[in-house]
Amino acid sequence: MDNAAYTVAHSPDADDIFMYYAIKFGWVTSPFALSNVALDIETLNKSTLEGIYDISAISFALYPHIANSYALLRTGMSFGNGYGPKIVKLKDKILKKHFKVALSGENTTNAMLFRLKYPEARIYYMNFLDIEGAVLDGSVDAGVLIHESILNFSSRLEVYAHVWDIWLELCKEELPLPLGGMALRRSIPLNKAIILEEILSKAIKIGLKYKPLLSNMLLENKLVRVDSKDLDTYLNLYANDDSHSLSAVQIRALDKMYKLGYEAGVYRRLIKTEDYLIPKEYKELRYS
């Protein structure tokens, strides 16, 4: 085994756990020592801004802010396709122009799209697990539910808007909704970065191949917050055949989002996704 050791940071959400744990359970071997840490997505976003972890899950909206120090991986991503985060409110609540809303973090994709759609809303950032409660107790007028929270929420609440619909309105074409991906520290040698990306991709492919078995192991080890039915539903949405290899249409969607953000002043420069992926040509040249 190579003596290099790397940390992989991911969220404790069912899709991230599923996409990593084939490595944790020893189904995928690695020439490097890999350790993992699970933190909520906004904590991961902030940690990546500080360069703390070697590899980290991030919100796609964050990426242009870290493009100089992290490469964007072609694997471990979640996109919405006809679905995504939901803006909820109490059923009898009328939202005014300056309504108070709870969002899961300043750097999240849903927060960026929300701010573009509702620039006059008063935003309160909090842990995503606290958002439903804040809406129910009246601390805020509305909240954006993400992750497994979109599957089950109080019957006192109703969906005010879908982030998917906001994305289509802003995008003006039907492209998948970019939510989260993985980024790798640029200081990692390129030959090792290529192998690390391949290991993470292989873990997802193997997880999908043995999905019932891996899902049962996650449930038995109490590694996910949902029951078996909701786990299956959630994985079908966010850990699927679109999660292991970044496609051309997904790249188009990312480029569209980064253009929207640049035009709105969110980003200082316009980036093209292809320019920030790990250059796999190195491996082809090395072994040709």
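Keep in mind it's a predicted model, so treat the numbers as computed, not measured.
- Side-chain heavy atoms closer than 4.5 Å link hydrophobic residues (I, L, V, M, F, W, Y) into clusters, and following such links, even through other members, never connects Tyr262 to Tyr63.
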For side-chain contact (heavy atoms from CB on, under 4.5 Å), just list the numbers for Asn81 and Trp164, CA-CA rounded to whole Å, side-chain angles, deciding distance to a tenth of an Å, and then say yes or no.
CA-CA 8 Å; Asn81 202 343; Trp164 166 257; 3.9 Å; yes
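- Separation of atoms CD1 (Ile204) and CD1 (Ile23) is listed at 8.5 Å; rounding is to 0.5 Å.
- Annotation: side-chain contact (heavy atoms from CB on, under 4.5 Å) contacts of Arg268 (sequence neighbours excluded): none.
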Apply side-chain contact (heavy atoms from CB on, under 4.5 Å) to Val224 and Glu148, showing your working.
CA-CA 10 Å; Val224 291; Glu148 301 97 328; 5.5 Å; no
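- Ring geometry, Tyr21 versus Phe25: the interplanar angle exceeds 60°, so the pair is classed perpendicular (tilted spans 30 to 60°).
- No single ILVMFWY cluster, assembled from side-chain heavy atoms under 4.5 Å apart, contains both Leu270 and Leu113.
- Using modelled atom types, no side-chain atom of Asp16 and backbone atom of Pro12 make a donor-acceptor pair closer than 3.5 Å.
- When all heavy atoms of Ile131 and Leu103 are compared, the pair lying nearest together is CD1-C, 3.8 Å.
- For Glu169, the salt bridge (charged side-chain N to carboxylate O under 4.0 Å, His left out) partners two or more places apart in sequence, or in a different chain, are Lys117.
- Sorted by first and then second residue, the salt bridge (Lys or Arg N to Asp or Glu O under 4.0 Å) pairs with a member in residues 209-224 read Lys211-Asp232; sequence neighbours excluded.
- In terms of modelled atom types and a separation under 3.5 Å, the side chain of Tyr267 and the main chain of Ala61 share a donor-acceptor contact.
- Val101 approaches Val140 most closely through the heavy-atom pair C-CG1, 4.2 Å.
- For Glu132, there are no side-chain hydrogen bond (donor to acceptor under 3.5 Å, both in side chains) partners two or more places apart in sequence or in a different chain.
- Evaluation of the side-chain contact (heavy atoms from CB on, under 4.5 Å) rule for Leu151 yields Asp230, Thr233, Tyr234, Leu237 as partners, not counting sequence neighbours.
- Checking side-chain atoms of Asn221 against main-chain N and O of Leu223 turns up no donor-acceptor pair under 3.5 Å.
- The closest donor-acceptor contact from the side chain of Arg74 to the backbone of Leu246 lies at 3.5 Å or more, if one exists at all.
- Nearest heavy atom pair, residue Pro85 against residue Leu179, reads CD-CD2, 3.9 Å.
- Annotation: the span from Leu184 atom CG to Met182 atom CE amounts to 8.5 Å, rounded to 0.5 Å.
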Between Leu34 and Tyr20, is a side-chain contact (heavy atoms from CB on, under 4.5 Å) present by the stated rule, with each step listed?
CA-CA 11 Å; Leu34 298 179; Tyr20 179 79; 4.1 Å; yes
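- Here Phe79 contributes atom CZ and Ser247 contributes atom OG; the two are 7.0 Å apart, rounded to the nearest 0.5 Å.
- Every residue two or more places apart in sequence or in another chain that forms a side-chain hydrogen bond (donor to acceptor under 3.5 Å, both in side chains) with Tyr125 is listed here: Arg115.
- Within the structure, ring pair (Phe, Tyr, Trp, His ring centres under 6.0 Å) pairs that include any residue of residues 128-149 comprise Phe128-His147 (at least two apart or interchain).
- In terms of heavy-atom proximity, Ala264 sits nearest to Leu116 at CB-CD2, 3.3 Å.
- Residues Leu254 and Pro178 share a closest heavy-atom pair of CD2-CB, 3.6 Å.
- Every residue two or more places apart in sequence or in another chain that forms a side-chain hydrogen bond (donor to acceptor under 3.5 Å, both in side chains) with Glu173 is listed here: Arg252.
- The pair Asp13-Arg225 meets the salt-bridge criterion, with a side-chain N (NZ, NE, NH1 or NH2) lying under 4.0 Å from an Asp/Glu carboxylate O.
- Atom NZ of Lys202 is surrounded by 12 or fewer heavy atoms from other residues, nucleotides or ligands within 6.0 Å.
- Put simply, the side chain of Trp167 gets close to the backbone of Leu175: a donor and an acceptor are under 3.5 Å apart.
- Here CE of Met217 is found 13.0 Å from OH of Tyr210. Values are rounded to the nearest 0.5 Å.
- Judged as a side-chain contact (heavy atoms from CB on, under 4.5 Å), and not counting sequence neighbours, the contacts of Ala161 are Ile87, Tyr118.
- Evaluation of the salt bridge (Lys or Arg N to Asp or Glu O under 4.0 Å) test over residues 175-194, restricted to residues two or more places apart or in two chains, returns Asp2-Lys192, Asp54-Arg185.
- Residue Leu208 is grouped with residue Leu213 when hydrophobic side chains (ILVMFWY) are merged at heavy-atom distances under 4.5 angstrom, including chains of intermediate members.
- Pro31 is listed as a side-chain neighbour of Ile199, based on a closest heavy-atom distance under 4.5 Å.
- Rounded to the nearest 0.5 Å, atoms CD (Glu106) and NZ (Lys46) are 7.5 Å apart.
- Checked by atom type and distance alone, the side chain of Lys86 never pairs as donor or acceptor with a backbone atom of Val159 at under 3.5 Å.
- For the atom pair Asp141 CG and Arg122 CZ, the distance stands at 7.0 Å (nearest 0.5 Å).
- Put simply, the residue from Ile146, Thr108, Leu44 that forms a side chain to side chain contact (heavy atoms under 4.5 Å, CB included) with Ser59 is Thr108.
- In this structure Glu158 satisfies the side-chain contact (heavy atoms from CB on, under 4.5 Å) test together with Lys89, Lys91, sequence neighbours excluded.
- One side chain, Ser104 or Asn110, offers a donor N or O that lies under 3.5 Å from an acceptor on the other.
- Asp40 places a side-chain N or O within 3.5 Å of a backbone atom of Glu42 that can act as its donor or acceptor partner.
- Remark: Lys97 pairs with Glu120 by the side-chain hydrogen bond (donor to acceptor under 3.5 Å, both in side chains) rule, at least two apart or across chains.
- A continuous path of ILVMFWY side-chain contacts below 4.5 Å connects Tyr160 to Tyr124, so both sit in one hydrophobic cluster.
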Run Leu73 and Ile55 through side-chain contact (heavy atoms from CB on, under 4.5 Å) and show every step you take.
CA-CA 9 Å; Leu73 295 187; Ile55 305 169; 4.1 Å; yes
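- In this structure a side-chain-to-backbone donor-acceptor pair under 3.5 Å is missing from Thr7 to Ser35.
- When atom types are taken as modelled, the side chain of Asn45 and the backbone of Ile58 share no donor-acceptor pair closer than 3.5 angstrom.
- Nearest heavy-atom pair across Ala22 and Ala203 is CB-O, 3.5 Å.
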